[in-house]
Structures are given as structure tokens and as C-alpha cells.
Amino acid sequence: MAMKSEDPNYSNLKGQTVDLPEDLFAQKGKEKTPPPCILVIFGASGDLTKKKLIPALYNLMNDGLLPANFVCVGFARRGKSAEDFRKEMSENIKEYSRSKTEEKELEMFTEKLFYFQSNFDDDQGYENLTPFLEDLDKKFGTNGNRIYYLSVQPSYFSVISDKLKAHNHIYDENDKEKFSRVIIEKPFGHDLASAQNLQKDMTQNLSENQIYRIDHYLGKETVQNLLVFRFGNSIYEGLWNNRYVDNIQITVGESIGIESRGAFYESAGLCRDIIQNHLMQVLSLVTMEPPTSLDANSIRDEKVKLLSAIRHYRDDEIEKYALRGQYKEGFVDGETAKAYRQEENVNPESNVETFAAMRLSIDNWRWAGVPIYIRAGKRLPKRATEVCVTFKRPPNILFNKNETFNSPNCFIFRIQPNEGISIRFNSKVPGTANLIQPVTMDFQYESFFGKGVPEAYERLIHDCIMGDNTLFARVDESLHSWEFISPILDRWKEKPFTEEEFYSAGTWGPINSELLLREEKRSWKML
Ligand code: BG6
């Protein structure tokens, strides 16, 4: 069935409805009703729970996408009554939910919330959890189905999965009566070796199909739309290769700093936080081959093939093609921002990167010879995540005398904010002067579809309840990404920061990031 939409901006369509192709992913299992279940959130006192997970569940309920028989249990170390937990979560929903909150809905939702206090490594806690959850099963008809969301420090992933298994909270994958699944937040491992070890630990307790490695970028509408844009249309595919594309740029820019996450950042850094996962996922969707179907594994197979085709740097190339930076004091959004080294819980001589820019090559037929430039950073001038595919200039025959004819065509995917897609091409300026000027055709989600895009976590939690792991990273995706990233991090670890690696907060990173492209007669797209 086709969706209907009105585009108030397009006069010919006013008052009419238009048939739109449906989101290909959404068709999968759409008719199915979400199965009853209990979602247990480990780390229920954390920021992610209050800012993202609970508001996402609330919005799912409002959109009719939560199972009728559903309970969410917050599992955390602090002592707290269910009532206190509900009150806190109500406040969080009011503050962070994307949709308006109504008292009646809030009450309906918070009735589904419970709290369980225990340390993550306390056997007795896991023992007591059994009757606690069974009791909820009886009251709410949740059938023994369980989803465990590990929103905790990565060092607890193995401990919690061991305890869950030891105390019979994990069922056999082939159990026909009930299911148990574990959602793990990123980063999956600290480097290649630790990711391999973590996988070994996890698979002692769970099968791969029970592990949902979340990368919330995969839940973003605009990231899912990359595949629809590429493979749900026929006009672009012929251009999507080294014959026509000059270069691809991906930027994940944030104006915020590390906020209150100094301790996490000191152990992670920008590469582990953003590039190894979010950025590599976006890159693989922009450049992978078409999958044979929309099956989770067909899509993941293609992503893995792409990730394994990224050329690893030789030792002497790391310095040339992989640059890092760290923010100094500066101005962002009209306010002074302190240096990374002055942030709370950060070593005043820290060697942790808050910015990285790289030039990648993909060694396959489609992309051979096309440079891929990626960059990500904290305390940049604005929040902007974009993919820009720039095409080769047309042959310099007809309009070469026209000084203004200097702009290559581009496809721009705005992942956030102002989610949408733009196409830039050259047009004649009206008049007798024969001037040519680049112009932009723009598609914006919000104005076309008349509503904002749902939060990534909504889609992902819903998919996990439905048992669809397409939008979660398979282990080999993560390992291939580490294979590329780990040697760079090892190299950086050996060397203290040099003066030119620092950048003022509120700028687009160190000057070397500009030079990386300038040396190849290119520049970063202005954002
Ligand atoms: C998280 C990172 O995964 O993604 C944060 O840990 C980052 O450092 C965040 O700020 C960005 O997410 P979004 O959805 O705001 O782009």
C-alpha cells in the first residue's frame, strides 16, 4: 500500500495526495504486532536512559508501536522506589521527548515503569531478578520475553552477560516459547584485540542473533534513506562510481564539547566515539554494492565487503592521511568555550583527540581512484552531519570561457539538522551576459512529509522488539572497522600533540585538515 502525502510547497499538488514509495525497510514485518516483552535497562540512572531511551519508549507508545503487554524495568545501583523512578522519568520525558507530553499519556506510560536495584556484578541481585520479572510476567502478560539493554560502561558488557547467563536470564536461541535479546551500546571494544575478546566473551553466553550492537546512526531516517535513494531509484546508480564521482566527503560536526563525559573521552577519544562506528556505517551505506534483498544479512554482507575494501595505511602513510586535533579555548555559539584539557576529569596534558580527518581509498572496481575524505570533531562551529558526493567537472569545451562556470555538481545528504537532500547543478543566469551560476534543488523531510523525523532510538528499540537486526551492526562490520582504525590509534598514542594539531574551539579543526584536501586541489564543502 502506498502512503499519501501532501506537499504544501508545490502548487500543482495543493489539496491533492501523492502516491509515495514506502520506506523499504518499514515494509518488513509491518503487519506484525510487536510481541509482549519486558525491557530491562542496565544503567537506568544514566544520561542515555533519561535523554534518549525513556523518551523513545514514550513516543513509541504514543505512535501505537509498543506491545500492548509491555513493561520497562530500570536496573541500577542506586536505591530508589518505583514511584521515584516514575517521577524522574516523567520529568525527563517532559524535557527531552520530541512530541508534546500529555498528563494522561504520561500516566499510562509510567505505569509500565519499574525499578530494580542491584550492583551489576552481584549474583544475589540476578537471583532476585528472576521472581521480580516473573511476577511482572504474571501481572502484565509479558510471556517471559526479555530484552536487556546494556547502557553501561563497556567494561561491564561481559560481566552482565555472564551473570545473565549464569542466572538463567538468557534462553536458548531456538526456544520457540520465548526470546531473550541483549542490546549493547557502542563502543564495541577499545581496539581490534579487545573487540575480538569481547565477542568471544559475549558468544559464550549468547548467539550472534541475540546480540544487538546498537549504532544509533543506523536508526536515523536520513541514514536509512541513503539506501532508498541509491537503490529505490534508477537515475543515480549509473553515476555512482569512479567514472563520474570525483570525491566523497563525510563530515560529522558537533558544536558541543565533551559535556560531562571527561572520563569516557579520556579513555575513548573521537575516533572510537564517532569514526569507528557512526561514520564508518554512513560510509558503507553510501558506497556499498546493492544487496540482493533487504534481509539483514544481505545488507550486512555488502557493508562488510565494503569495509574490507578500505585500504589500510602503510605505517608511513598514517601521518600523511590520518590527522588528529584537540580543541583549545575559543568561541562557540557566541560563548567562550574552554579547552579540552581544562574540562572536568580530563588530564591537563591529555593526548586524546577531539577531531580527526582522514583520506581513505576503497579498493574495488566501483571506487578505485576516488578519494573519500572524512572528518569529525567536537567544538566545531556548528552541528552538521553531511555527506557530499562531488562529481567530475564536465569537459571544458563549451563553457570554458565563462569564468563563473567552475562549480562541480554535487549530491548533498543532510543527515542532520534540516534533514534532506540537495542537488547542485549549474544554470544560466537570466539575461544577455551568458553567465552561469550553481543552483540547488532541495528536498526537506519536514516540509515535504509535514512532520519531523522520529528519533533514531525509537526505530531501533522497535526493531529489536520485532526481532529485526538489520539496523544493528554485525560483529564482522565492527571488526573490519577496527582493523582499519586500530593501527592509526596505536600510532597516535606514541606521539604527544604538536602545536599545529590544536584548533580553537569554534573552528573547523586544525589547519592540516584543510591542507589534506588542498594538496589534492580540493577543499572541504562549506557547511
Ligand atoms: C554518540 C557519541 O554516540 O553520538 C556522542 O558518544 C555524540 O559523543 C553523539 O555527541 C552524536 O549523536 P547525534 O545523534 O547527536 O549526532
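One-based numbering, in listed order, for ligands and for the atoms of each.
- Counting only distance, with no hydrogens or angles, the side chain of R77 and the backbone of S118 share no donor-acceptor pair below 3.5 Å.
- Atoms of ligand 1 lying under 4.0 Å from at least one heavy atom of K378, given by number and element, are 5 (C), 7 (C), 8 (O), 10 (O).
- Residue-ligand proximity: Y217 is placed with a non-hydrogen atom under 4.0 Å from ligand 1.
- Every side chain to side chain contact (heavy atoms under 4.5 Å, CB included) that P290 has, sequence neighbours left out, goes to F231, R366.
- Within the structure, every pair that satisfies the ring-ring contact (aromatic ring centres under 6.0 Å, His included) test and touches residues 188-228, not counting sequence neighbours, is listed here: Y212-F472, H216-H278, H216-Y457, Y217-H278.
- Remark: ligand 1 and Y265 share no N or O pair separated by less than 3.5 Å (distance only, no angle test).
- At the shortest separation from atom 16 (O) of ligand 1 among protein heavy atoms lies Q416 NE2, 2.5 Å.
- Of the charged side-chain nitrogens involved, at least one lies within less than 4.0 Å of a carboxylate oxygen, so that R414 and D442 count as a salt-bridged pair.
- In this structure, T385 has no heavy atom closer than 4.0 Å to ligand 1.
- Ion pair D301/R474 flagged as a salt bridge, since at least one NZ, NE, NH1 or NH2 atom sits closer than 4.0 Å to an Asp/Glu carboxylate oxygen.
- Relative to atom 8 (O) of ligand 1, the option among E254, R261, K52, R383 with the closest non-hydrogen atom is R261.
- A salt bridge does not link R261 with D47: every distance from a Lys NZ or Arg NE/NH1/NH2 to an Asp or Glu carboxylate oxygen is 4.0 Å or more.
- Comparing K220, H216, K186, E185 against atom 12 (O) of ligand 1, the shortest heavy-atom distance belongs to H216.
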